[in-house]
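Just below is one structure, and these are the notes that go with it.
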Amino acid sequence: MHHRSRLSLLLLPALAVSLAACGGSPSRVKVTTAKYAGLPACARAAAHWPSTVSNQTSRKTSVKSPTVKAWGDPPIIARCGVTAPGPNPNCITVNGVDWVVNPLSDGNEMVTFGRSPAIEVLAPKKYSAELLPAFTAAAKAIPQGPHHCT
């Protein structure tokens, strides 16, 4: 069920984008804030969100929290305040930041590893994991704990 909620989170923006295309005016990306978004570490991370990701500009979201950001169409979504994942064989290191990459039916979920709270990036198939360098500054605003990719 946990996997399904992330998939739904990614599918809702796609539906919103499809509906916006018919209506002519861009809609806000439908997202929710993460459980631990109110922690000071997320405010620090949000101050470092990139202005563009994979040459995509930012979009308005359905929440006013700075801990949630979206870019592009279909949208790339980043949220700070998710629960840090446990050890996982899909752990990669990009620019000194460890990420767990989980494939979804319509893209990838990438979550910082060893940092709490964690940052989650949801990217449709159109984009690759090569977008992770854009999130280095935000991720490094949250101190690395004792766990690292092995």
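Since we're looking at a predicted model, the values are computed, not measured.
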Check your understanding: So, do N88 and N102 sit near enough that their side-chain heavy atoms are less than 4.5 Å apart?
Key -> yes

- [ ] State, with a plain yes or no, whether a side-chain heavy atom of I76 is found less than 4.5 Å away from one of V121.
- [x] yes

Between [X] and [Y] (side chain of the first, backbone of the second, donor and acceptor by atom type, cut-off under 3.5 Å), is there such a pair?
X: R115; Y: I142; value: yes
X: R59; Y: G72; value: yes
X: K125; Y: S105; value: yes
X: W49; Y: P66; value: yes
X: K140; Y: N95; value: yes

Once rounded to the nearest 0.5 Å, what's the spacing between atom [atom1] of [X] and atom [atom2] of [Y]?
X: M110; Y: F135; atom1: CE; atom2: CZ; answer: 7.5 Å
X: I92; Y: L132; atom1: CD1; atom2: CG; answer: 5.5 Å
X: T57; Y: W71; atom1: OG1; atom2: CH2; answer: 11.0 Å
X: L131; Y: K126; atom1: CG; atom2: NZ; answer: 12.0 Å

same_hphob_cluster([X], [Y]) at 4.5 Å side-chain heavy-atom cutoff:
X: L122; Y: V100; answer: no
X: V101; Y: V94; answer: yes
X: Y36; Y: I119; answer: no

Residues 84-127 vs disulfide bond (SG atoms under 2.5 Å apart), sequence neighbours excluded, gives C91-C149

To check you understand the geometry: which heavy-atom pair defines the closest contact between [X] and [Y], and what is its length?
X: P75; Y: A70; result: CB-CB, 4.4 Å
X: S62; Y: K30; result: OG-CA, 3.4 Å
X: T32; Y: V63; result: CA-CG1, 4.3 Å

Hits for side-chain contact (heavy atoms from CB on, under 4.5 Å) against H148, two or more places apart or cross-chain, chain-then-number order -> D98, Q144

| message | Over 60° means perpendicular and under 30° means parallel, so tell me whether H147 and F113 are parallel, tilted or perpendicular. | response | tilted

